[in-house]
Amino acid sequence: MSAQRLRALHIPGDPLVLPNAWDADSARLVVEAGFPVVATSSAAVAASLGYSDGEQVSPDEMFDVAARITAAVDVPLTVDVESGYGLSALELADRLAEADAAGCNIEDTDQQEGRRRSADENAALLASVKEHSGELLVVNARIDSFLGAQGAEEERAALPDAIERARAYLDAGADCVYPIHVRSPEVLGEFVSAVSPALVNATYLPDGPDLAMLTKLGVARVSLGTGLWRLAQARISSALSALAGGASPF
């Protein structure tokens, strides 16, 4: 039922907003603010455990955090599992089920091998995860084509690869596609149109389209990624600096 609830909240033009959490406490705050789903940020979870991003954290530790979150809140949880931590599709599906996760985010950069998977290779992984989990898991296929792009022209140059990958991942059974870190509204709009009526996840970035524009572009899901965690870190750092200087941190 959790996956069904999660899937139903993906509405193009009325997107599901996901302020990504990193532990049970931050997940509770997300729910208390009225958000109907909790999503994790792998980078924020890793940092909270003392690791760098990029699958430096062990799968046991990452899934332990996921299980703690699902035990703490009564809304669906979708877990950022990076590129799968080197687990087989069956192991990945089983670990997500054990954590009572309703969804997951899988990226097409293989963090274990330090390379980008081909579209066919990643599609095969997605298809296998869906085969093992069926309708009990909402799979969001992250597309890394735009990572590192500087400006709209470089994003436009990456657009054909992103669209090709999106279509392959959707054909493999992905429920949603996620072209991460697109900052140009025009490029994101072209991507959404090219894969329509498929569900598209976008990133809410300080230097990207705001929520009103993302809604207008027809995305079905909006992620903040490490946004909230970075805000929390900045606030804590500021308070500590004030305290170290003899001022009130409050």
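From a predicted model like this one, the values you see are computed outputs, not experimental measurements.
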Problem - Set of residues satisfying side-chain contact (heavy atoms from CB on, under 4.5 Å) with respect to Ala166, sequence neighbours excluded - result: Ile143, Val177, Phe191, Val195
Problem - Nearest heavy atoms of Arg156 and Pro160, plus distance in Å - result: O-CD, 3.5 Å
Handout entry: Distance (rounded to the nearest 0.5 Å) between Phe63 CZ and Leu92 CG
Key = 5.0 Å
Exercise for the section: Mind jotting down which residue pairs meet the salt bridge (charged side-chain N to carboxylate O under 4.0 Å, His left out) criterion with at least one end in residues 23-37? Sequence neighbours excluded, please. Expected result: none
Handout entry: Residue pairs, two or more places apart or on separate chains, that pass salt bridge (charged side-chain N to carboxylate O under 4.0 Å, His left out) and touch residues 54-69
Key = Asp60-Arg95, Asp64-Arg68
Problem - Validation row: Leu96, Ser133 side chains within 4.5 angstrom (heavy atoms) - result: no
Exercise for the section: Begin with the C-alpha distance, continue with both residues' side-chain angles, and end with the deciding distance and a verdict on side-chain contact (heavy atoms from CB on, under 4.5 Å) for Phe146 and Val187. Expected result: CA-CA 10 Å; Phe146 299 102; Val187 171; 3.8 Å; yes
Problem - NZ/NE/NH1/NH2 to OD/OE distance under 4.0 Å, Arg165 and Asp161 - result: yes
Problem - Heavy-atom donor-acceptor pair, Ser193 side chain to Gly189 backbone, under 3.5 Å - result: yes
Practice task
Would you check if Pro179 and Leu159 make a side-chain contact, meaning some heavy-atom pair closer than 4.5 Å?
Solution key: no
Practice task
Would you give the length of the straight line joining atom CD1 of Ile69 to atom CH2 of Trp22, rounded to the nearest 0.5 angstrom?
Solution key: 10.5 Å
Fill in the blank from the handout: Residue pairs meeting side-chain hydrogen bond (donor to acceptor under 3.5 Å, both in side chains), one or both in residues 227-250, sequence neighbours left out, come to Thr226-Arg230
Handout entry: Any pair counted as salt bridge (charged side-chain N to carboxylate O under 4.0 Å, His left out), so long as it reaches residues 142-153, sequence neighbours left out
Key = Glu107-Arg142, Arg142-Asp144
Exercise for the section: Apply the side chain to side chain contact (heavy atoms under 4.5 Å, CB included) test between Tyr169 and each candidate in Asp108, Asn140, Ile106, Leu125; give the one that qualifies. Expected result: Asp108
Practice task
Would you check if the side chain of Ser83 reaches a backbone N or O of Asp110 as a donor-acceptor pair within less than 3.5 Å?
Solution key: no
Practice task
State, with a plain yes or no, whether a side-chain heavy atom of Pro15 is found less than 4.5 Å away from one of Leu214.
Solution key: no
Completion exercise
By side-chain contact (heavy atoms from CB on, under 4.5 Å), Ser88 pairs with (sequence neighbours left out) Leu90, Glu91
Practice task
Report yes or no: do Val192 and Ile11 belong to one cluster of Ile/Leu/Val/Met/Phe/Trp/Tyr joined by side chain heavy-atom distances under 4.5 Å?
Solution key: no
Exercise for the section: Can you sort out the partners of Ser223 under side chain to side chain donor-acceptor pair (under 3.5 Å), two or more places apart, ordered by chain and number? Expected result: Asn201
Fill in the blank from the handout: In this structure, OG1 of Thr203 is separated from NE2 of His181 (nearest 0.5 Å) by 5.0 Å
Fill in the blank from the handout: Heavy-atom nearest pair, Cys176 first then His10, reads SG-CD2, 4.2 Å
Exercise for the section: Compare all side-chain heavy atoms of Asp94 with those of Leu87 and state whether any distance is below 4.5 angstrom. Expected result: no
Exercise for the section: Step by step, work out the side-chain contact (heavy atoms from CB on, under 4.5 Å) result for Asp53 and Gln111. Expected result: CA-CA 10 Å; Asp53 194 23; Gln111 297 293 342; over 6 Å; no
Problem - Joint hydrophobic cluster, Leu18 plus Val30, side-chain heavy atoms closer than 4.5 Å - result: no
Problem - Leu126 CG to Asn122 CG distance, which is reported to the nearest 0.5 Å - result: 4.5 Å
Exercise for the section: Please answer: with hydrophobic residues joined when any side-chain heavy atoms are less than 4.5 Å apart, are Leu217 and Val17 in the same cluster? Expected result: yes
Handout entry: Side-chain donor or acceptor of Thr215 paired with backbone N/O of Leu211 under 3.5 Å
Key = yes
Handout entry: Connected-component partners of Ile180 among ILVMFWY, side-chain separation under 4.5 Å
Key = Leu147, Tyr178
Problem - Arg221 side chain near Leu199 side chain, heavy-atom distance below 4.5 Å - result: no
Practice task
Using side chain to side chain donor-acceptor pair (under 3.5 Å) as the criterion, list what pairs up with Asp175, not counting sequence neighbours.
Solution key: Arg7, Lys130
Handout entry: Residue pairs involving residues 196-218 (criterion salt bridge (charged side-chain N to carboxylate O under 4.0 Å, His left out); sequence neighbours excluded)
Key = Arg183-Asp207
Practice task
Find the distance between CD1 (Ile163) and CD (Glu190) and round it off to the nearest 0.5 Å.
Solution key: 7.5 Å
Problem - Cluster link Val75 to Leu77, ILVMFWY, side chain under 4.5 Å - result: yes
Handout entry: Check: Asn20 main-chain N/O paired with Ser41 side-chain donor or acceptor under 3.5 Å
Key = no
Fill in the blank from the handout: Value for OG (Ser2) from CG (Asp100), rounded to nearest 0.5 Å, stands at 5.5 Å
Practice task
Identify the two heavy atoms, one from Ala141 and one from Ala174, that lie closest to each other, and give their separation to 0.1 Å.
Solution key: CB-CB, 3.9 Å
Exercise for the section: May I ask you to test the Val139-Cys104 pair for a side-chain heavy-atom distance under 4.5 Å? Expected result: yes
Problem - Set of side chain to side chain donor-acceptor pair (under 3.5 Å) partners for Glu154, sequence neighbours left out - result: none
Problem - Distance-minimising heavy-atom pair for Ala21 and Val38 - result: CB-CG1, 4.0 Å
Problem - Connected via hydrophobic side-chain network under 4.5 Å: Leu231 and Leu240 - result: no
Practice task
Report the C-alpha separation of Met62 and Val45 in whole Å, then their side-chain angles, then the decisive distance to 0.1 Å, and conclude whether the side-chain contact (heavy atoms from CB on, under 4.5 Å) test is met.
Solution key: CA-CA 7 Å; Met62 183 65 78; Val45 171; 3.4 Å; yes
Handout entry: side-chain hydrogen bond (donor to acceptor under 3.5 Å, both in side chains): pairs with one or both residues in residues 69-81, sequence neighbours excluded
Key = Ser42-Asp80
